[in-house]
Amino acid sequence: MQYTLMMKLSDLNCGESSKVIQISNQPKFMRRINDLGIVEGVVITYVARAPLGDPMLIKVRDFMLAIRLDDAKKITVEKL
Amino acid sequence: MNDTIALVGNPNCGKTSLFNTLTGTYQKVGNWTGVTTEQKIGKYKKDKQIKIIDLPGLYSLGSGAIDETTAYKYLKNTPPKVIINVVDGTNLERNLSLTVELAYLKIPTVIAINMCDELEKNHIKLNSEYLSKIFGVPVINVSALKGTNIDKLIDVARKTSQKPQILGYNANLLISNKLKRFDFIESIIDKVIQKKTTKTEKRTQRIDKILLNKYLSIPIFFMVMTAVYFLSMKVGGFFGGYIEQLFEWLSKRADLLLNGMGASEWITSLICDAIIKTLGGVCSFLPQILILFMLMALIEESGYASRVAFIFDRIFRTFGLSGKSLLPLIVSCGCTVTGLMATRTIENTNERRMTVFLAPFMPCGAKTAVFAWFSSTFFGGNALVATSMYFLGIICACVFGLILKGFKIFRSDASGFLLEIPLLRVPPIKNVVAVMWEKVKEFTTKAALIVFSVTVFLWLLKSVGPSGYVGEKVEKSFLFILGNILKYAFYPLGCSSWQTSVALISGTFAKEAVVESLNLLSTDVHALFNSTYSAYAFMAFILLSPPCVASLATAKRELGNLKIFAFMLIFQTLSAYIVAIIINTVGTLIYGGFGLILSVIIAIIIVLAVIKSIKRLNKNGCKLCGYCKKGEKCNKKVKRFTT
C-alpha cells in the first residue's frame with residue numbers, strides 16, 4: 001500500500017500540489033466550495049500567500065482563487 | 001416578452017462584454033467578478049424586437065451569494081425564450097458545471113464559447129461539435145471583444161428550441177452529485193480542448209510575482225492610489241474650476257436677461273441663485289469624477305482590484321470587513337452611492353452589512369469640497385486639516401467596526417471568503433470609455449434630478465415663511481423657525497446657531513449644499529462657531545453623519561431590511577454626534593471656552609452609555625472579537641490560558 005500524508009490545505013508549503021481528500025461537512029461552505037470546482041479528488045496547487053500571511057492563493061482547475069486559512073483548514077488534502 | 005434572450009454564465013466570463021456588443025449600449029464591464037449585480041435589459045442593436053437580459057454572474061444555480069439568488073429567481077419565475085450560456089473558453093472545466101445545472105431548467109439553450117480569440121492566439125483548438133453533441137444544443141465560438149460570430153449567435157439563438165440534455169449520462173445524478181458532475185466534465189474535457197498554458201497566464205504569473213510580493217505589494221498599492229487621487233483631484237480640479245466660472249457667467253447672464261424681461265424678483269432669485277449656482281457646483285465635480293472612474297475602471301478591468309482585496313483581507317477582517325470591502329470603501333471616497341452599490345460582491349452577509357454601515361464614513365467628493373472650504377475659511381488654508389478628515393474617517397471606521405462586531409446582526413453568517421483572482425489583462429479602451437460614459441450619464445441625471453429638486457425645495461423653505469414670500473429676509477422664513485428648534489441639539493458641539501443646523505439639514509440632501517447654505521444664510525461665518533475646535537467638530541459631524549439622500553436610498557436597497565437600515569441611521573447619527581462632541585470637548589478643555597462644563601457632562605454621559613450598552617452585549621466579559629456567539633463563553637480567553 002502506498003503511504004500518503006494527509007494534511008490540511010492550510011499546512012501545505014508554497015508551491016506544493018495536493019489532492020483533495022475530504023471537505024468539512026458544513027452545508028453552506030461545502031456548496032460554495034463545490035460550485036467553484038473544489039470536490040474530492042481535484043488537484044490544488046498552493047501558489048502564494050498574501051503579504052500579511054493570511055488568505056492563500058491557490059490554483060485549481062486552471063483558475064486562481066483566494067481562500068482564507070480558516071477556510072483552508074476545513075479542506076483535508078494529500079500531498080502529491 | 002416573446003423574444004427574450006438571457007445571458008447566463010460564470011462571473012468574469014465576459015457576459016457583460018457580450019451584452020455590450022449585442023446591444024450597443026454601454027454597460028460597465030470589469031475584470032472583477034460580479035460587476036453585474038442586477039439584471040440589465042437591453043435591445044439587440046440590429047433588431048429592436050429582441051430583448052437581451054444580462055444576469056449577474058453565477059457559479060451555480062441556487063447557491064449562497066445574493067447575486068446568484070437573483071439570477072436563479074429570475075430564470076425560475078420568468079423563463080426567457082432562450083438562454084445563451086456564456087462559457088469562458090480559457091476555463092472550460094469550471095464553466096461547464098453551470099452548463100450541466102442549466103439542463104435542469106429545461107429552457108432552450110445555446111452555448112457561446114467566449115474568448116475564442118485568445119484561444120486562437122495560443123493555437124488552442126476547440127472541438128465545439130463534440131460539446132454540441134454531448135449537451136444536445138448548438139455551440140458557437142464567439143469573441144465578445146472582437147465581435148466575432150456575434151450575429152450568427154443571435155441567429156442561432158432565435159431559431160433554436162433545443163433544450164439541453166446530457167446525452168448518454170444520467171442527468172439527474174450529475175445535477176445532484178457535484179463529485180460525479182466534475183468527473184463527467186473531466187472525462188469530456190480532453191476531447192474538447194487540449195490544455196496549454198496561455199501567454200496571458202504566463203504573463204500574469206510574471207507580473208504577480210511583483211504585484212503580490214511580500215514587501216512590494218503594499219507600497220505598490222499606495223503608489224497606485226496616490227497616482228489615482230493626484231490625477232483626479234489635481235487634473236480634475238483644474239477643469240472643474242473652469243466649469244464653475246462658466247456657470248457663474250451663465251448666472252449673471254440669466255440675471256440680466258430676466259431683469260430685462262421684467263421678471264419678478266422671486267423668479268430671478270430661484271433661477272439665478274438656486275438653480276444655476278447649484279448646478280454649477282455639482283457640475284464642477286464632473287471632471288474629477290470622470291477621471292476617478294476612468295482610473296478605477298482601469299484598475300478593475302486589469303484584474304488588479306481583486307488582487308488588492310487579496311492583499312488586504314487580513315487587515316480588514318480584524319474590523320469585521322473583508323478584503324472585498326476595500327473596493328467599495330475606496331469608491332466611496334469618490335461617491336458613496338457607487339461605493340454602496342459595489343458592496344454586492346461581498347457574499348458574507350455580516351461583512352456586507354458592515355461595509356454598508358461604514359462606507360459612508362469615507363469622505364466622498366462632496367464632503368471633500370466642504371472640508372476644503374472649511375480649512376480655507378477657518379484654518380488659514382492648512383492642507384493638513386482637510387487631509388486629517390480622511391484619517392479620521394478611516395480611524396472611525398476601524399473603531400466603530402470593532403464595536404459593531406459585538407452586535408448580533410453582524411454575527412449571523414459564517415460563510416467564507418472565496419475570491420477568484422482573474423488573469424491580468426490589458427483593458428480594452430472600448431470598455432474604459434463605456435464606464436466613463438455611463439458615469440457621466442449617471443452623474444448628470446443625479447445632479448439634474450435630486451440636487452435640482454432639493455435646491456428648489458430648500459429655496460422655497462428659505463424664501464417662504466408664515467407671512468408668505470419673504471425674499472431676502474430669512475429671519476421670517478420657515479427655515480429660520482426649523483433651524484431655531486434644532487440648534488439646541490448642537491449646543492454641545494459649540495455651534496448652536498440656527499444657520500449651522502439649517503446647513504446640516506440641507507447637507508442631508510447633498511453634502512456640498514452645506515457650504516452654500518452657510519454662505520447664503522450668514523454674513524459672518526466665523527461668528528457661527530464658538531472656536532476653531534467647534535468648526536473642526538462640525539466637520540467631523542459632517543463626515544460621519546448619515547450620507548446624502550441618494551446614498552441612503554442605496555443603503556436601504558442594499559441592506560434590504562428596514563430594521564437594520566433604521567439601526568444604521570441611528571448608529572451613524574450617534575457616532576457622528578459622539579465623535580464631534582469629543583473633539584469639541586477636548587478642544588475647549590485646552591482652549592477654555594464657553595459651554596465647557598455642559599459639554600463635558602454630556603460627553604461623559606454619552607460615552608458611559610455607549611460603554612454600558614457594549615458591556616451588556618457581552619455579559620461574559622468577551623473581548624468583542626466576534627469569534628464566539630452571544631451567550632457562549634469566550635474561546636479566545638480559554639486559548640490564552642492554555643498557551
Side-chain angles (χ1 to χ4, degrees), chain A residues 8-10 13-78 80, chain B residues 10 12 58-65 68 88 90-95 97-98 101 177-183 185-186 189 195 197-198 201 204-205 208-209 212-218 306-307 309-315 317 322-323 347 413-423:
Chain A
K8 286 170 186 160
L9 178 62
S10 54
N13 288 323
C14 216
E16 284 177 340
S17 289
S18 65
K19 201 171 178 182
V20 176
I21 304 281
Q22 201 185 31
I23 298 162
S24 158
N25 199 10
Q26 296 168 345
K28 209 171 169 183
F29 175 72
M30 181 88 139
R31 198 170 56 204
R32 192 90 204 129
I33 207 132
N34 281 174
D35 288 339
L36 287 162
I38 302 177
V39 291
E40 280 143 45
V42 78
V43 175
I44 292 182
T45 312
Y46 182 3
V47 179
R49 184 170 275 210
L52 296 159
D54 199 345
M56 52 194 286
L57 192 61
I58 57 174
K59 191 169 186 178
V60 58
R61 290 187 199 279
D62 278 343
F63 73 99
M64 286 194 289
L65 187 72
I67 180 169
R68 285 183 184 163
L69 290 188
D70 278 347
D71 294 326
K73 275 183 194 144
K74 297 175 191 159
I75 301 172
T76 313
V77 296
E78 154 195 8
L80 288 180
Chain B
N10 274 193
N12 202 27
L58 53 163
Y59 289 116
S60 91
L61 297 169
S63 179
E68 299 188 355
D88 177 357
T90 58
N91 190 351
L92 273 183
E93 251 179 270
R94 196 198 58 217
N95 278 258
S97 165
L98 180 68
E101 277 191 20
N177 188 333
K178 279 177 187 154
L179 192 57
K180 286 256 160 56
R181 187 194 310 169
F182 279 103
D183 279 348
I185 292 170
E186 272 167 39
I189 204 100
K195 276 191 195 171
T197 319
T198 61
E201 250 174 275
T204 302
Q205 277 170 8
D208 269 349
K209 276 207 180 108
L212 302 178
N213 182 286
K214 202 172 171 182
Y215 305 104
L216 291 176
S217 56
I218 294 170
S306 38
R307 281 165 176 79
F310 167 68
I311 294 168
F312 287 98
D313 180 60
R314 184 70 199 83
I315 300 178
R317 211 170 349 141
S322 93
E347 69 262 86
D413 188 1
S415 72
F417 170 86
L418 297 163
L419 174 68
E420 193 189 335
I421 309 285
L423 295 178

For A/K19, enumerate each residue passing the salt bridge (Lys or Arg N to Asp or Glu O under 4.0 Å) test, keeping only those at least two apart in sequence or located in another chain. none
Counting a contact as any heavy-atom pair under 4.5 Å apart, which residues of residues 52-60 of chain A contact chain B?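 When heavy atoms of chain B are the reference, residues 52-60 of chain A contributes A/L52, A/D54, A/P55, A/M56, A/L57, A/K59 within the under-4.5 Å range.
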Quick one: which of A/A50, A/G41, A/P51 has the most heavy-atom pairs under 4.5 Å with chain B, could you say? A/P51
Looking only at heavy atoms and a cut-off of under 4.5 Å, which of A/I67, A/L36, A/I33 has the most pairs with chain B?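 Most heavy-atom pairs under 4.5 Å with chain B: A/L36.
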Who passes side chain to side chain donor-acceptor pair (under 3.5 Å) against B/D313, sequence neighbours left out?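 Testing B/D313 for side chain to side chain donor-acceptor pair (under 3.5 Å), a comparison that skips the adjacent residues, returns A/R68.
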Interatomic distance, [X] atom [atom1] to [Y] atom [atom2] [nearest 0.5 angstrom]:
| X | Y | atom1 | atom2 | value |
| --- | --- | --- | --- | --- |
| B/D88 | A/F63 | CG | CZ | 11.0 Å |
| B/N91 | A/M64 | CG | CE | 11.0 Å |
| A/R61 | B/N95 | CZ | CG | 12.0 Å |
| B/E101 | A/D35 | CD | CG | 6.5 Å |
| A/R49 | B/F310 | CZ | CZ | 9.5 Å |

What are the two closest non-hydrogen atoms of B/F182 and A/N34, and how far apart are they?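 So the two residues come closest at CE1-O, 3.4 Å.
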Residues forming a ring-ring contact (aromatic ring centres under 6.0 Å, His included) with B/F312, sequence neighbours excluded: B/F221
Among B/Q205, B/E186, B/E201, B/R94, which residue forms the greatest number of heavy-atom pairs with chain A at distances under 4.5 Å? B/R94
If I measure from the heavy atoms of chain A, does B/N213 come under 4.5 Å with its side chain, its backbone, both, or neither?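 Looking at B/N213, just its backbone touches chain A.
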Which atoms of B/T197 are under 4.5 Å from chain A, going by heavy atoms: the side chain, the backbone, both sets, or neither? neither
B/I421 and A/L65: CA distance, side-chain angles, deciding distance, side chain to side chain contact (heavy atoms under 4.5 Å, CB included) verdict: CA-CA 5 Å; B/I421 309 285; A/L65 187 72; over 6 Å; no
Check against side chain to side chain contact (heavy atoms under 4.5 Å, CB included), A/V42 and B/E93: CA-CA 11 Å; A/V42 78; B/E93 251 179 270; 5.6 Å; no
